[in-house]
Amino acid sequence: MTATTHHPASIAVSLQLLRDILEEQFATHTNQLTELVVCGALPHHGGHDPHTLAALTKTSRQAVADTAHALQRMSQGTYGICERCHQAIPLGRLRELPEASFCVPCHQVRPLR
């Protein structure tokens, strides 16, 4: 098995790209949440089923919170570190799921929300 070494400059570029992605996701999720809340206030819920609208709103709120938490960890210098085992989260996982707070093994054993 070979160890992969990352040049500090490439890590900085990757982190900036991930920050850009997270900021874009935050804006998208916030806009979606705003639209859902507006629909919920409209008569007949803007044509949406109330239960579906409630589920979508809950999911959207969680996405905003998860993305905000990732951006907060970035500003604190703890982004990319598993919140359970405190080991580095692989860059590939962060590329696929930029808001990840846990490495895969810890995510699999953590309790569901």
Side-chain angles (χ1 to χ4, degrees):
M1 178 183 253
T2 60
T4 303
T5 17
H6 296 284
H7 189 273
S10 68
I11 292 172
V13 168
S14 292
L15 283 175
Q16 184 56 50
L17 289 172
L18 289 167
R19 179 186 302 278
D20 293 346
I21 290 167
L22 285 166
E23 288 173 349
E24 184 177 321
Q25 284 181 350
F26 184 80
T28 300
H29 294 314
T30 301
N31 290 337
Q32 182 181 38
L33 179 59
T34 301
E35 289 177 18
L36 291 167
V37 169
V38 168
C39 281
L42 294 173
H44 306 290
H45 305 288
H48 295 282
D49 172 69
H51 298 292
T52 302
L53 190 59
L56 290 171
T57 301
K58 180 180 178 181
T59 300
S60 189
R61 278 195 177 107
Q62 189 61 56
V64 169
D66 290 346
T67 306
H69 185 62
L71 288 166
Q72 179 182 30
R73 289 192 325 270
M74 226 176 229
S75 69
Q76 294 170 341
T78 59
Y79 179 78
I81 304 298
C82 178
E83 292 184 357
R84 174 173 268 165
C85 70
H86 307 289
Q87 298 298 310
I89 298 171
L91 191 54
R93 175 161 170 78
L94 293 172
R95 285 183 184 137
E96 289 297 316
L97 191 66
E99 67 276 12
S101 297
F102 300 96
C103 63
V104 171
C106 289
H107 178 80
Q108 291 173 341
V109 298
R110 75 183 182 93
L112 296 176
R113 293 179 222 196

What are the two closest heavy atoms between [X] and [Y], and how far apart are they?
X: Gly40; Y: Leu53; result: CA-CD2, 3.4 Å
X: Cys82; Y: Cys103; result: SG-N, 3.5 Å
X: Phe102; Y: Glu83; result: CE2-CB, 3.9 Å

**Request:** Identify whether Leu97 and Leu94 are in the same connected component of the hydrophobic contact network (ILVMFWY, side-chain heavy atoms under 4.5 Å).
**Result:**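 No: no chain of side-chain contacts under 4.5 Å links Leu97 to Leu94.
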
**Message:** Is there a continuous path of hydrophobic side-chain contacts, each under 4.5 Å between heavy atoms, that joins Leu18 to Ile89?
**Reply:** yes

Solution key, residues 22-29 side-chain donor-acceptor pairs under 3.5 Å, sequence neighbours excluded:
residue : atom : partner : partner atom : Å
Thr28   : OG1  : Glu24   : O            : 3.0

Residues 70-81 side chain polar contacts: donor-acceptor under 3.5 Å, at least two apart:
residue : atom : partner : partner atom : Å
Arg73   : NH1  : Ser101  : OG           : 3.0
Arg73   : NH2  : Ala100  : O            : 2.7
Ser75   : OG   : Gln72   : O            : 2.8
Thr78   : OG1  : Arg73   : O            : 3.4
Tyr79   : OH   : Pro98   : O            : 2.6

**Complete:** In short, side chain to side chain donor-acceptor pair (under 3.5 Å) pairs touching residues 30-52 with sequence neighbours left out are Asp49-Thr52

**Prompt:** Rounded to the nearest 0.5 Å, what separation is found between the CG atom of Asp66 and the CZ atom of Arg61?
**Reply:** 14.0 Å

**Euclidean distance, Glu96 CD relative to Leu91 CG, rounded to 0.5 Å** = 10.5 Å

